[in-house]
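Everything on this sheet refers to the single structure shown next.
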Amino acid sequence: MKILVCISNVPDTTTKITFTSNNTEFNTAGVQYILNPYDEIALSRAIELCEGGKGTVTVINVGEASTEPTIRKALAIGADDAVRINAAPRDAYFVAYQIAEYAKEQGFDMILAGRESIDHNGAQVPAMIAEFLDIPSISVIKKLDFDGSTATINREIEGGKEVVEVSAPFVASCAEGVAEWKIPNMRGIMSARTKPLQVIEAKNIDQLSAVEVYETPAPRSAVKMVDAADMTGLVNLLHTEAKVI
Amino acid sequence: MSVLVYVENVQGQFKKSAFEVVSYAKAIADQLNTNLVALSIGQTTNDELSNLGKYGASKVLNAGSLNAFDSQAYASVIAEASQKEGAEVVVMANSFSGKGLSPRVAVKLKAGLVAGAVELPQIAGGKFSVKKSAYSGKAFAQVSLSSAVKVIALNANAYQVKDGGSAASVADFQAANAVSKVKVKEVVRATDKISLPEAELVVSAGRGMKGPENWNLVENLADALGAATACSKPVSDAGWRPHEEHVGQTGIAVSPNLYIAIGISGAIQHLAGVSSSKTIVVINKDPEAPFFKVADYGIVGDAMEVLPKLTEAVKAYKGQS
Ligand SMILES: Cc1cc2nc3c(=O)[nH]c(=O)nc-3n(C[C@H](O)[C@H](O)[C@H](O)COP(=O)(O)OP(=O)(O)OC[C@H]3O[C@@H](n4cnc5c(N)ncnc54)[C@H](O)[C@@H]3O)c2cc1C
Ligand SMILES: Nc1ncnc2c1ncn2[C@@H]1O[C@H](COP(=O)(O)O)[C@@H](O)[C@H]1O
C-alpha cells in the first residue's frame, strides 16, 4: 500500500495575526511555524494503516526551503520519505496542481490531507487534487479503514453522519476522530535526519486568484457587566439592545 | 450570461442556508444585470423548487435523478449546468458538502475560487473581488479573481435572506457524465438537533462545567433558547461531548447572532473560531478570564448557579412574548 499525505506549514495556533506592507502581506516576524494540526491527524492515520510493513507513507509539501523543519517533523512522526515542491504557494489551484502532477504516475492508493489549513482556511486543496486526477474525494472525514482495495469512511454531512465506501485511488481530507496526534519519539527524531527528502521544481500554471488586501476584525466595544443575580436584566438586554432574541 | 446557484437540500427540503445562498446569488446577478438560475440535485418536490423563485431565482434546474452525495458526480452536474447556462459566476454554500464541491467545480471550469465568502463581491472596472475569512477567523482577506468564470462558496450566517420574488419555473436537467463512485452504506441524522455551523444561537461550555454530568444545565438553556450546543476542545477531547460540537481554530468555526460561552477561559485558539459572532455573552467565575475582553455582555459567577437562573429568565421571556 502506498499513501501520500499532503502537509502544510502554518503559523502556530497562538500566533497573533498581523500584516505589513499596507496590509498586503502576512507579518512573519517572530512567527513560529508548525505542521498543520489536521495534517498531523491524516499523517497519524496513514502511519497506522502502514504499520507492520503493510505499506509506505510519503509526505508532500509545496513550499520554499523554510518549510523543511516541518517536513522533518513529519518524518520524525513516522513518514518514510518526503517530497518538497520548491515554490511559494500562490493559491490552492497552484498547490493542488503541483501535488496532482507529482502523484499522477506514482500509483498511490490514497492521498490524505487535512480538513483545512489553519492559515488560509480554504479547504480547497484536497478536492482540487482529486479533480485534477479525476478520482473521488471525500471531505471532512472522521474515520478511515482500508482493506487493501476499498476504504470505509465516516464523514460529516449537514445535520448528521454518513458511512461511505470508496475504491482506491481516492483523496480524503481528515478531521478529528480519524486518529490521535502522535508525538515523535527519540528514535523517530534521529532517523528523520537521514530519511530521503526529494526536492522538485514547480510546474507552470495560471494564477486565478490573488489576495489584494487583508484586514483584521474591528475591535469590539467594551464589555457590559451584568450582575449574576439579574438574569432577567440580561435577557432584556439581549432582546432590546443586542436584538438577538 | 447568467449567475448559477447550486442549492443544497437536506432530505428533500431547503433550509435557511439555502435561501441565504440564493439571496446572495440574486444580489450578484443584479450587480451584473443578469438572471439567476438555480440548480438542485437529488429528490425534492416541485413546490420546494418553484419556491426558490421567492428568493430571486428566475429558473430552477432539477437534476432529480442523482441521489447520494458524491462530490465528483455532483461537481460534474454543476459544471455542466454552468456551461449550458453560460454562467459567469457560480455560487454555493460553504457547507460540509460545499467544501468538497466548490474546489472540484472550480478546477472543472478553470475558475478562480473564493471559499468562505462573507460579503457581496466588489465589481468595478473589470475587477472582481470577494472578502473571505482567513487565518481561522483571525482576519479577512479581499481576494481578486482573474478568471473568466468565478466560483464563490458563501459562509453560513454571512448574508441575510431576502425574499419578495415570485414562483420560478422548474425544468428537468439531465447531466451527461455524472457517475458516482462513492457508495453510501449508512446515514445517521440527528433530526432533533440544530445544525451547529448554521445555528443563529449557540450555547457553548468549557471545562468550567466540571464534568458531563452537569451538561443538562447547558442543554436546558439551549432548549429554552432554541439554540445549538457547542463546547471547547478539552471538553470533546475528554469525551464529555462529541467532537462535532468542538468549536475553535481546530474545530468548527461559527458566526451566530448570539454566542454564550460558559466556563470557557477564552484561549486564542477558541476565540479564533467564534469571534465573528455578532453578540458574545461570557459567564465565568474568574473576573480576569481573557474571554471577557471580547465579550459584549459579561457575568461573573458560578455557572452552576447562573445557568438555572438564566434558563428561567429565558423561559419567562418566551412565555410572555
Ligand atoms: C494546536 C491547538 C489547537 C487548539 N484548538 C482549540 C480549539 O479549536 N478550540 C478550543 O476551544 N480550544 C483549542 N485549543 C485549546 C485552548 O488552548 C484551550 O486550552 C482551551 O480552549 C481551554 O478550554 P476551556 O476554556 O474549556 O478550559 P480552561 O482553560 O480550563 O478554562 C475553564 C474556565 O472555566 C472557568 N470556570 C471554572 N469553574 C467555573 C464555574 N463553576 N463557573 C463558571 N466558570 C468556571 C475558569 O475560570 C476558566 O476560565 C487548542 C490548543 C492547541 C495547542
Ligand atoms: N502548500 C501545501 N503543501 C502541501 N499540502 C498542502 C499545502 N497547502 C494545503 N495543503 C493540504 O491541503 C489541506 C487543505 O488546505 P487548504 O485548502 O489550504 O485549506 C491541508 O490540510 C494540507 O493537507
*Any side-chain donor-acceptor pair under 3.5 Å between A:Asp134 and B:Gln72?*
yes
*asked:* Any carboxylate oxygen within less than 4.0 angstrom of a Lys/Arg side-chain nitrogen, looking at B:Lys131 and A:Glu215?
replied: yes
*Using distance alone, with no hydrogens and no angle criterion, decide if A:Thr13 and B:Gln269 have a side-chain donor and acceptor under 3.5 Å apart.*
yes
*Contact part of A:Phe170 toward chain B, heavy-atom cut-off under 4.5 Å: side chain, backbone, both or neither?*
neither
_Among A:Ala228, A:Ala222, A:Ala210, residue most engaged with chain B (heavy-atom pairs, under 4.5 Å)_ = A:Ala210
*Assess whether side chain to side chain contact (heavy atoms under 4.5 Å, CB included) is satisfied between B:Ser102 and A:Gln124, documenting all intermediate values.*
CA-CA 8 Å; B:Ser102 61; A:Gln124 302 177 12; 5.9 Å; no
*Can you find a heavy atom in the side chain of B:Ile299 that is under 4.5 Å from one in the side chain of A:Met231?*
yes
*Should the ring pair A:Phe26 and B:Tyr135 be called parallel, tilted or perpendicular, given that the plane angle runs from 0 to 90° and is split at 30 and 60?*
parallel
*With a 4.0 Å cut-off, would you call A:Asp230 and B:Lys309 a salt bridge?*
no
_Side-chain ion pair, B:Glu186 and A:Lys161, N-O less than 4.0 Å_ = no
_Salt bridge flag under 4.0 Å for residues B:Asp296 and A:Lys224_ = no
*Close side-chain approach of A:Pro217 to B:Phe140, heavy-atom, < 4.5 Å*: yes
*Residue part contacting chain B, namely of A:Tyr38, when any heavy atom lies under 4.5 Å*: side chain
*asked:* Could you tell me if the side chain of B:Lys99 sits less than 4.5 Å from the side chain of A:Glu116, heavy atoms only?
replied: yes
*Taking atom types as modelled, find out whether B:Gln142 and A:Tyr214 have a side-chain donor-acceptor pair closer than 3.5 angstrom.*
no
*Between A:Val166, A:Val140, A:Ile245, A:Thr232, which residue shows the highest count of heavy-atom pairs closer than 4.5 Å to chain B?*
A:Ile245
*asked:* Can you tell me which portion of A:Ile129 sits under 4.5 Å from chain B's heavy atoms? Options are side chain, backbone, both or neither.
replied: neither
